[in-house]
Structure formats: structure tokens, C-alpha cells
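Letters go in sequence order (proteins before strands), and every chain restarts at 1. Just so it is clear, the model here is predicted, and its values are computed rather than measured. Computed over heavy atoms, backbone and side chain alike; hydrogens, waters and symmetry mates excluded.
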Amino acid sequence: MIKLDKVDKSFDSYKALNKLSLNVNSGEIYGLLGANGAGKSTTLNLILGFLKPDSGFIKINDVNIINTDIIGYIPENVNLYPYLSGIENLDYFCKLSGFNYDNNELSSFLNECGLQEDAHNKLISNYSKGMRQKVGIAIAYSKKAKVYLLDEPASGLDPLSSNELSDLLKKLAANGSAILMASHDLFRVRETCNKIGILKNGNLIKEMDAKEITSEELEKVYLNFMKN
Amino acid sequence: MRVFNILFYEFNHFRRSSAKVLTYLIFVFACIYSIYSGFELQNQQQTTIETIKNEQKKEILLVSKFFQNMSVLPGPLDVLGYIPTYATKHPSPLLPLGIGQSEQYGYYKKITNWSSTYDNDMVEEIANPERLVNGNIDFSFLIIFLLPILLIIFTYNIRGFEQDMRFDKLIEIQYGSISKWILIRFIFYITLLLLTVLCFMFFVVIVNDAFFSHISEIKSLIFLLLIYVLFFTTIFYFIVLKSYGSSAIAFKMISVWLILCVIIPGTVHQFASIIYPTHYMTDYLDSNRKESYEIFDLPTDSLYVSLLSIYPDLSQTKHAKENNINNDYRRNALSAIINHMNKSAINNIEKQNELKNQLICSSYWFNPVSFIQNKWNNYINTDYYSYQEYRSEIQKILDTKLSLLNFESWNETEVTMVVYEDYLKQLNAFME
Amino acid sequence: MKHILFNELIGLFRNRLFMILLGVFSISLVLTTYFGIIHNNKQILSQNDAKEHIREQWDEMNHTNPHNAAHFGSYAFKPITILNSIDEGINGITGNVIRLEGHRQNDVMFSEASQSLLISNFGKLKPSLLLQFIIPLFLIFLAFNSYSSERESGRLKLLLIQGSSLNKIIFSKIIAIWSIGLTLLLITTFIQFIFTNSLFNIDILIRLILLFLSYSLYYLILISLTVFLSLLFKNSTSALSLTLVLWVMWVVFLPKIFGNTVEKINPLPTRVEFQNNMDNDRSKGIDGHNPSNERKDELIKSTLIQYGVNSLSDLPVNFRGILMQADEEYGNSVWDKHFGALYLQLTNQKNIYQFTGLINPFASLQSLSMATAGSDMFHHLNFLSQAEYYRRDLIELLNNKWRDGDWDENFYKSIKDFHYNSPSFLSFFWKYILDFVFLFLWSIILVVLLKYLTKKTSIV
């Protein structure tokens, strides 16, 4: 579903990505690990179309042109409009992408994304970070995204919310979506993802199957790569 | 030592903030420009006054030479008629520090026996009215209106920046007293501003050699400057202390500036205009026109009575014994009576203006900017009252002229060169 | 785009501080417009009283001869326009009364500014003060973080991924904030209309519409510029600081600096120089009171020929009336020469100043605001000219009557007072074309620049 082939990206003299190739298939959750400045956000911005690659190509759903209609994006901090309620925020973002749902439909999206019914009509300014994250996912979900891109989704979440997020992502993957999440939370990535890649200085230095490795082993591998 | 360090770091902060340095330089440039304009206005007024005085001297010299060659001088009416009489208002040497209301009034006047202090030539100099509405960048404007804005630009991110960047608590932990830390940073900017302003003030004082002659005014101006800066600093200090984030602080500071410098003075101005609308001085128009013409039509005996009511001592003169007015003296009698009428009409106008001024003064407790502005103009002799004083001086000269014309002619004084010189002295007595 | 616009407005209306400020500004505008009208009405009443008083005196002039009446003279009062309640323009500092008499042309006297201590530097609290100084600041504060707030919160990416474009987001925000400015403008014009509609005619309506248009364009410029800077700097504090510095330059520094510079480029004479030059030219002509020069002899000759008599005593008319009118006409030509040159100089100054609108749209706004309110220099000069032409007609009428004899109280009563024919705005339109052009130019350039910048701006 998401395919990056030998993608290069530089900012002036700084090489942010070096011949990066990776694949995220339908039903797969890919965890991209790396230190600050490793190139995780650059990778996401390239897939989102906010940056253009210097060379190489990016395909989504086998198409070379980036089609935002099938992409859902969940930023690190889902700072929605504080003066709107959860359901109003969802309605607004749905309308922007051309979907006009009624209140029941909007409510069911929020329910499916795990937001308690009684919170739907409360102002976002009263939401916790986890609740905002759920609305963010509902926004992507409601546009029937096939591809989900998540930038540090678990950062700042409490363990319960973090766990709920994992379950939600797994559910989305089970429905056939391809999910790419950039993170430096080794434990959460190991728990959520099927596939893990480690980025260092713009190079994908290691790819592994999450099932084949324990959390402790992942930490060891990661630290080993980072130190060398 | 810690205080010194904060000041030192504030200096570093200031010099590395290009926006602040640029704003400061603009202010300095504006000060230079305003003082230059002030000097220019002062020179222009002085040159005009000099020209008038030279003309006057030339005329007097010519006439006195002519008189010296005569064996017998003409009568007092002719001699007095040949004395060109002027009143001028010399600009204060502190004028470059604020032109105040000087562009609203005339500053020189030729006085004839038909003059009054509300004549046509008492109105402002010829100027572009739209330029007058926008005003000048004069030094007092910079102090009263722009200095607070400069203070806002310098201080709005004191603590606000740290709050925006979320390390304000760190400062508190490191230094202890956040209020003292803010105060020290404020002191740096106040000192910088005050020193800058004082340098310019002293420059004007030195160039115009006004230090000893105007020491009390200079002291008062400095005092006024200090309390004004202190006033705004106190308000801004508390805004910084009680607000969160530089945008909120900037918003509140600018609101305070708008309220104090624009809204309150504008409201008082509008209120005063509603209570005392621009008056059309109908009393004065009457005395100048209808009543004057009625006087022209008066029979001589009534004129005599009227004139004696103004100058009772005229009854003791030689001419008074004839119980009538000689035709030659009639015009002087008329002008004296009309002057008397004008004076009482003008007195009413001044009273009406005074009522409006009292209303303005009564607003000072909540309108500090107008208070400072008018006080500042007062010390530089460019406020309403300075021009009112100038009008009184004109009136005194006019009264002297008319009194001389009437008494000297009625006394049938024999004019000699000594008497002529005495006339000159009396009529120039109020000229500087 | 409508969804973003709608969302922006919801955001504003659900913000308590915004609603308080909007309420305060709306109430202030209603009150200032209302009190502006009250002030106007009071001033008009006071002027009418003065006019009646002066007229009564004129009517009481029963037996005097027309020459005395010419010296007695009349007064022209500067009219107060209906929209003066919105923008007083130069009316506070120019004189209000001009004496119209024979032999001499007087200055307009008794300015309000000379009648009291100094009160405000930015003018009375009229709607123009709020609309020119306060509301723009409010709009700047609404606009300065419109881009950066979306960017810094990370919502921008979300909005773009949902199918919106930066162009749409930016222009929706500009339109939302602009609509607030327009609402405040509408309040002012509505209140003005409600309380003075009985005095309205097509001209006043056109003036009010153009006043609305001028302020609308200015607000669009200011908001677009603020957003433009926030896009350029990507940092809300820098954008705010720079916009505020620009605003101070526009409304405080540049008008004063350019005003002074223009006066230096086209200097005006001092009153004493001007008067001396006038007196010099005047003294060369016939002086009605000292008729002893060649011009008088020529006039006598031509008059005798005209009436076919040999001496003045045989004239069927009063020669002094003819003499006075001849002197008057000479005086008029002197006035035309000197005041014509002065007015031309003032007009040149204004024309040069109007060009400063190219770098300071506030100058164009101020000019148009005063122009539409009928309180600018062109309207003032028009009043002075009309007053002078009335004076000429009046004095000619009196001189002719003195020449022909046979006057009575009905003659004086039949003479009409000075009536100011307010020029229609359209007849003055070309004088302000530069101001309009610059406001349009600024708006178009900023919109184009914003379009360009939204395409070039990197989201990351």
C-alpha cells in the first residue's frame, strides 16, 4: 500500500534521507523507530506530500501521485479547535474532505474510535490528550482512509490511553488499512506493530518482524545501533 | 552583584534584538527630526519678528530724522500717527522641545487705534490645514505619545517571552523574586530612555543658551518627564506581573496606551465640544460691527459723555473746557470707545474659553496625558494661557496708544523731540 | 472555503474576550456616532442663532447708505456637513466665521482649536477616531496569529490532508476577520443613517457609501498585510511586532513627516509676506478713499464719456459708487492673483501628499474619510471661494445701488444671506482619484502576493 523506493531528501547540505526504501502492506502496522533527527518526520512529510523527494519515488496504493483522499494523518498533538465539541470538530474536518455525515453517523465514528458517548458534545478544551487522539483517529477513519500516518502517537499518553490506541490501530489494520507510525517508544511499537524499521541519519539500518523479537531484544538492538 | 548581572544580560538581550535596536534608532531619529523642526520653527518666528522690528526701526529712524530737521514738531495726533506700533511674541528658547499650540495663533501684530486682540491677523500662520490636523513630530509629542509605545516594544516580552517558551518557572527558581527580576529589567529600559531624552533636552538648552535663564522651567520639564515615565512604567510593570504570555501583555499594554493617549483625551475633547460648542463670538461681531456703526452715528455730545466715562481725567484737560469734541479728535474718541466695547466683548469670550478650560482641567485626574501635555506646553510658553498673556500685552499697548492719542491731543501737548522719544518708549514698552 | 470561514466565525463568536471587545467597540461606535450627531446638531443650532442675530442686525439697517452697508458687511459661517459627525477633518483647526465687507478680504477666524487648552492630539472621540486608530489595532490582533496558530498547533497539516488548501485557509481567515471590520463599519453607517436620514440626499448617500468603501479597503489591506507578515515570518511574535511597528509608522510618523516635507517642497508665504505683497499690489490700484491717482482720472474720463456729460456734478449717478466698484474690481484681481496662487500651492501640496498613499495607505484613507465627510481642505477652499464670490456680488450690488441712489429698508431686506452650496462628491471625485487608486492597488497587490506566498510557503 505504501511504497518508498530509494528516496533521497536533503535540506541544503544536510542529508535527511538516504536511498530510503520501505513497504507497508494492507493490514500491516509499520513502526518506524529512530532518534530525534533520524528522518522519521521527513519520511512522513514526504508521504503526506508536504515535501518533494530529491530522487526515488513514493507510491500509495500503487499510484505515483499522492492522493490525500485515502490518507489519514494523526499528528503527535491533535490540537483540534478548542471552541468546538468533539463531534463538531469531526463534522468540520469531514466537511472539508467532502463528507457530510449526520450526527448519528458522526457519533458512531467517535464510538468506534473509543470515545465515550458523553464526551461527544463537550468542548475539546476539556478533553485529555488521549481523547483528542481518538477524535483525530475518527477524523481519519471517517474519511475511509486506506493509509494511516501517525507521528509519535503515544507521546504523552498515559498507559491506559496508550493501550487503547494500540487496540484501535490493530482494529484498523484488521480492516485492511496500512499504518505507518513514527515513534521512539520501543515498547509501544513492539506491542502495536507487525513490522519495525530503525532509521539512523536517514538510513534504514534494520527491519525486523515484531513477532520475532521481544521488547528487551528490541531495546538491545536499538541501543546497539544508536551507539555505533 | 546579581542586579548588575541582570542589567548586563538585559543589555545583551537588547543589543541582540534587532527589532528593539531598530525601534530605538527610529525613536532617536525622530527626536533629531523633531528638534530640527523645532529649531526651524523657532528660527522662522525669530526671522519674521526680526524683519518686522527692522522695518519698524527703519520707519522710526526716517520719521525722527524728519522731525529733527523741523523747528516745530507737529501736534501729538500726527506724531503719534507716525509711530509704527507692533506686538510680537518671542518664541521661548525651549520651543524646540515642544511647539504646543503655537501653530494655532499668530505671533506678531501691527497695532493701530482700530485694532483688537481678535483681529484677522491674530489667527494662525498660513499653513496647510491638513498638515496641521496631522500635527508635527515635535519633541513633546514624542515624549507624551511615542515614548510609552517605545516602552511597550521594549518591555512587552519581559517575562512574556520566558512564559511563551515555558521557562518562566526556571527563572523563579533560579532568582527567587520574579517581581524584582522584572523590575531590574524595566530599570534598564527606563534608564536608557530617560538618558536619551535628557541628552536631547540638554542639547536644546545648551544650543539656545537657556540653562540659567530658564532653569526653573527646565527643572519642571524634567520633573514632568520623570513622573510621566514613572506613571507608565508602573502600569506596564503590573501588567507584566499579572499577565501570561507576550501577546497578552502586548495587547494589554497597547490597550492602556490607546485608552490613556487616544480615547480619554478624545472623549474629553468631544464632551467639552458638546458642552461648549465652538462659539461664533457674536458679542465680538456686534461690537465690531453694529455697535461700532452706532457709535459712528452718535452726536458729538453723546460721544463726549461716552469718552469721559472711559477716561474721567479727560475732563481736566484743556480741550475739555470746550465741552465738545474737536473734529480732529473725533476719530480717536471713536476708536477709544470701540476699543472699550471690544474689550468687554473679548472679556466675555475669554470667560467662555476659561469655562471650557476649567472643564478640561477638571478632567486631569482621569486624563493625565492632557495634564502633562498642557503643563509641558505651559513651561515652553506655547499653551493657550501663554497666548492669552500675549493678547493682554497687545491690549495694554493698544490702551496706551489710545490713551496717549486722546490725552495728549486734549491736553494740546507741545511735542518736542524729548516728548516724541517718550512716546516711542511708551509704545514700545511692551515689546521685547 | 465556506466551512473554514464559518468555522473561523464560530471560533471568534465562542471566544469570550472577542465578544466582550466586539460588544465594547459596537457600543462605542453607536455612542460616538450618536454623540457626534448631537454635537453636530448643537453646533448647527449655535450657528443658526449666530446667523439669525447677524441677519437681524442687517435688516435693522434702515437709513444707512449702501457704502456704509458695504463697510458694515456681512458674515459667512462655515457650514457643518451632516457627515462631519463621523469625521471632523480640518474643521476643528480652521476658522468658522469670515467677515465679508467692502474693500478688503478677510481671513476665516475663530477656530475651535484656538479657543481652549490643548486636549487631544488624535482628535475628538468621533467614529473616525475609532475607525482609523482603534478598530485597525483590534483587527491586527485578530489576524496576527491566524496562520501561525494553525501551524504551531499542527492543525495545518490536518486541514491540508483533509483536502483543504493553504490558499483557502488563509483567505477564509482574512474574509472572516474582514467581516468583523465591515460589521463595525455597518453599525456606524447604520446609526448615522437612522438619526440623520431626513437630511439625506443622493450626494450624502454616495458619500456614505464611498466612506464605507474606503474603510473597507483599508481594513482589507491591513488584515492582508498582517496575515502576509505572519506567513512570511512563520512566528507570531515577530509578525505582531513588525505589524505594530508598521502601523505606528503609518498612522503616526509618516503623515507628520510627509506633511512637513511636502510643505518644505512647496513652501507657503508667511502671513506678513503675503499681506505685504497684497498691500503692495493693492496700493498700485485705485483707492476709493484716496482718489488722487491716474487711474481715478482715467475712470472719470471714461465715465464722463459714457454718460455724455462734461463734469462729475452733471452725472445722473453718484460717481463714488462707480469709483468704489472700480476699486473693488481691482481688489478682486489682486485677491485672485494672491489667493489664487496660495490655493494653487495648497492644492499642489495636497496632490503631492496624496502620492504618499503609495507607501502609506493610511494617508489615502484619511484623505478619503475627510473628503467623503466634506471636512477636508478642498471643501474648505470651496467654502472660502464661495464666500468670496458672495462678497463680490454683495459689494457690487451695494456699490451699484450707491451709484444709482434710491435705497430703502426693503432693499437691504431683499439681499439674501450667504448660502453655501455644498459641492456634490462626484464633482470633486477626480481630486481623490489617487486615493482610491492607491487603496485598490494596495488591496490587489497584497491579495496577489498572498496568493503567491501561499503557493510558495513550505508547510513543514
Side-chain angles (χ1 to χ4, degrees), chain B residues 19 23 30 37 48 52 100-101 104-106 108 120-121 123 125-137 141 145-146 149 153 246-247 250-251 254 258 262-263 265-270 272-274 277-282 285 289-290 293 353 356-357 360 370 373-374 377 383-384, chain C residues 35 38-39 42-43 46-47 50 53-54 57 72-73 75 77 89-90 93-97 106-107 109-126 129 133-134 137 141 237 240-241 245 248 255-257 259-260 263 268-272 274 346 349-350 376-377 380:
Chain B
T23 321
S37 310
T48 310
I52 291 167
Q101 288 178 272
Q104 299 300 334
Y105 304 95
Y108 51 86
N120 252 283
D121 53 0
V123 299
E125 257 300 331
I126 295 173
N128 186 319
E130 289 187 7
R131 208 263 306 151
L132 287 182
V133 162
N134 280 323
N136 260 320
I137 296 208
F141 177 82
F145 295 94
L146 288 191
I149 292 189
I153 293 171
S246 51
S247 303
F251 184 75
I254 287 179
L258 278 174
V262 182
I263 296 178
T267 311
V268 173
H269 200 162
Q270 176 72 320
S273 295
I274 292 174
T278 314
H279 49 79
Y280 294 98
M281 308 196 180
T282 39
L285 300 183
R289 194 173 76 140
K290 184 172 181 281
Y293 279 80
N353 290 352
K356 194 169 180 179
N357 283 341
I360 295 165
S370 295
Q373 192 172 229
N374 283 322
N377 293 341
D383 70 334
Y384 172 87
Chain C
F35 282 116
I38 298 269
H39 174 224
K42 206 164 173 184
Q43 197 66 58
S46 153
Q47 191 177 90
H53 183 81
I54 294 296
Q57 290 186 347
F72 188 81
Y75 290 93
F77 293 88
I90 62 168
I93 56 118
T94 57
N96 290 294
V97 188
N106 293 309
D107 280 308
M109 300 190 298
F110 309 151
S111 73
E112 188 185 357
S114 65
Q115 293 178 9
S116 70
L117 284 163
L118 197 60
I119 320 178
S120 61
N121 261 51
F122 293 93
K124 294 174 191 154
L125 189 67
K126 294 235 174 197
L129 184 92
F133 294 97
I134 319 282
L137 262 185
F141 272 96
T237 323
L240 179 64
S241 306
V245 168
V248 172
K256 292 171 196 287
I257 289 175
N260 280 336
E263 220 170 50
L268 297 170
T270 62
R271 185 171 299 285
V272 71
F274 188 76
L346 287 170
Q349 287 188 350
K350 168 95 182 183
D376 73 335
M377 193 184 72
H380 182 65

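Interface check for chain C: of the options Thr48(B), Val133(B), Asn134(B), the most heavy-atom pairs under 4.5 Å are formed by Asn134(B). By number of non-hydrogen pairs under 4.5 angstrom with chain C, the leading residue of Asn377(B), Ile52(B), Leu132(B), Leu258(B) is Leu258(B). The greatest number of non-hydrogen atom pairs below 4.5 Å with chain B, out of Gln43(C), Met377(C), His53(C), is found for Gln43(C). Note: Thr270(C) leads Val97(C), Thr270(C), Leu137(C) in heavy-atom pairs under 4.5 Å with chain B.
Counting only heavy atoms from C-beta outward, the side chains of Ile93(C) and Gln104(B) approach each other to under 4.5 Å. Using a 4.5 Å heavy-atom cutoff, the side chains of Ile134(C) and Ile263(B) are in contact.
Between Phe141(B) and Phe122(C), the two ring planes are tilted [angle within 30° to 60°].
For Glu130(B), the parts lying under 4.5 angstrom from a heavy atom of chain C are both the backbone and the side chain. Contact of Ile257(C) with chain B is made through backbone and side chain together, with heavy-atom distances under 4.5 Å. Heavy atoms closer than 4.5 Å to chain B are found in both the backbone and the side chain of Phe35(C). Contacts of Leu346(C) with chain B are made by both backbone and side-chain atoms, with heavy-atom separations under 4.5 Å. With a threshold of 4.5 angstrom between heavy atoms, Asp383(B) approaches chain C through side-chain atoms but not through N, CA, C or O. Heavy atoms of Ser273(B) lying under 4.5 Å from chain C belong to its backbone as well as its side chain.
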